[in-house]
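Presented below is the structure to which this report refers.
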Amino acid sequence: MSEKERYCGYKQVTDEELAKYFEGKVDGLIQNQYLYIDKEGPIYYFNGNEIKEAYLEKPKSKKDVFIPKNFEQKMAFHLMENRNVPIKVLIGVAGAGKTKLGLNFGLRALDSGEVKKLFIVRQPSPVGEEIGFLKGTKEEKLSAWFNPIFDNLDDSWSIQERIARKDIEFEAPAFMQGRDLQETFVLVDEAQLLTVEQVKMLGSRIGEGSTIVFAGDYDQIFNKKYAGDKNGLLKLVETFAGIPEFGVVHMTQSVRGRVAELFATKM
């Protein structure tokens, strides 16, 4: 599938097209697909039966300043809030907010009692040269790969306390075989660095009351091991698009800053 043919989870429509969709003429739409006329206007989605406006939940407190910064993030927020979709994919350039969205919504689910654990999976695969053997326990070795995740959070979440209580757990795909994740919010970070077999294995760990979120960037597939038909993230989107339990949003705008955006989109 070429880059232009990749399903991104949304499409721009005209007023006339949207009117036809509201009349029930929804041929060609994919379940959980988002629709918009212009980037400043309302966002709609197809729930499998009809077109509905994609309203976002109101902040639970004045301290909740985690809000969408552009229309793509609005769709991503709605997808993350949709409890009828347990398989979510956030694709986007570096700085688009994929990991931050996954972490914040995972912590929200943990705090509200929707889940009992936040489980973070990350492939320990470097970009470029290998750094050699890392000394220490498995946890100490993995910490080097998971520390960047905490850059997306502020101190108000008391992450270290939650880790100590085992409310948050980290793991690499290689150690996931045989796990049974019930009532768990699973965030799979750097999901573009997964093979088809690894994505299948991770998804088959998901039990009742659980949600799995894959966050990745097609443009950061630096290793031929994960390229083309061997890439698990690409295969997941191609295979699951249209399944009621699945949704995806491709974010093309970096919100990290102008410099990060230039490197993410121009090189």
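These figures come from a predicted structure and were not determined experimentally.
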**Report entry** Proximity of Tyr44 and Tyr21 rings by center, below 6.0 Å
**Finding:** no

**Report entry** side-chain hydrogen bond (donor to acceptor under 3.5 Å, both in side chains) partner of Glu190, chosen from Lys98, Gln123, Arg122
**Finding:** Arg122

Query - Backbone of Gln192 reached by a side-chain donor or acceptor of Asn231 within 3.5 Å - result: yes

Query raised in the report: Does Glu23 CD have over 12 foreign heavy atoms under 6.0 Å away?
Result: yes

Requested in this report: Please work out whether the ring planes of Tyr45 and Tyr34 are parallel, tilted or perpendicular, with thresholds of 30° and 60°.
Outcome: tilted

Query raised in the report: Just wondering, are more than 12 heavy atoms of other shown residues or ligands nearer than 6.0 Å to NZ in Lys235?
Result: no

Query - No-hydrogen, no-angle side-chain donor-acceptor test under 3.5 Å, Gln31 and Gln33 - result: no

**Report entry** Backbone of Glu183 reached by a side-chain donor or acceptor of Ser210 within 3.5 Å
**Finding:** yes

Query raised in the report: Are the side chain of Gln198 and the backbone N or O of Gly232 linked by a donor-acceptor pair below 3.5 Å?
Result: no

Query raised in the report: With distance as the sole test, does Glu238 use its side chain to make a donor-acceptor pair with the main-chain N or O of Tyr7 at under 3.5 Å?
Result: no

Query raised in the report: Hey, do the aromatic rings of Phe105 and Phe185 have their centres closer than 6.0 Å?
Result: no

Query raised in the report: Where the side chain of Arg205 meets the backbone of Arg179, is there a donor-acceptor pair that is under 3.5 Å apart?
Result: yes

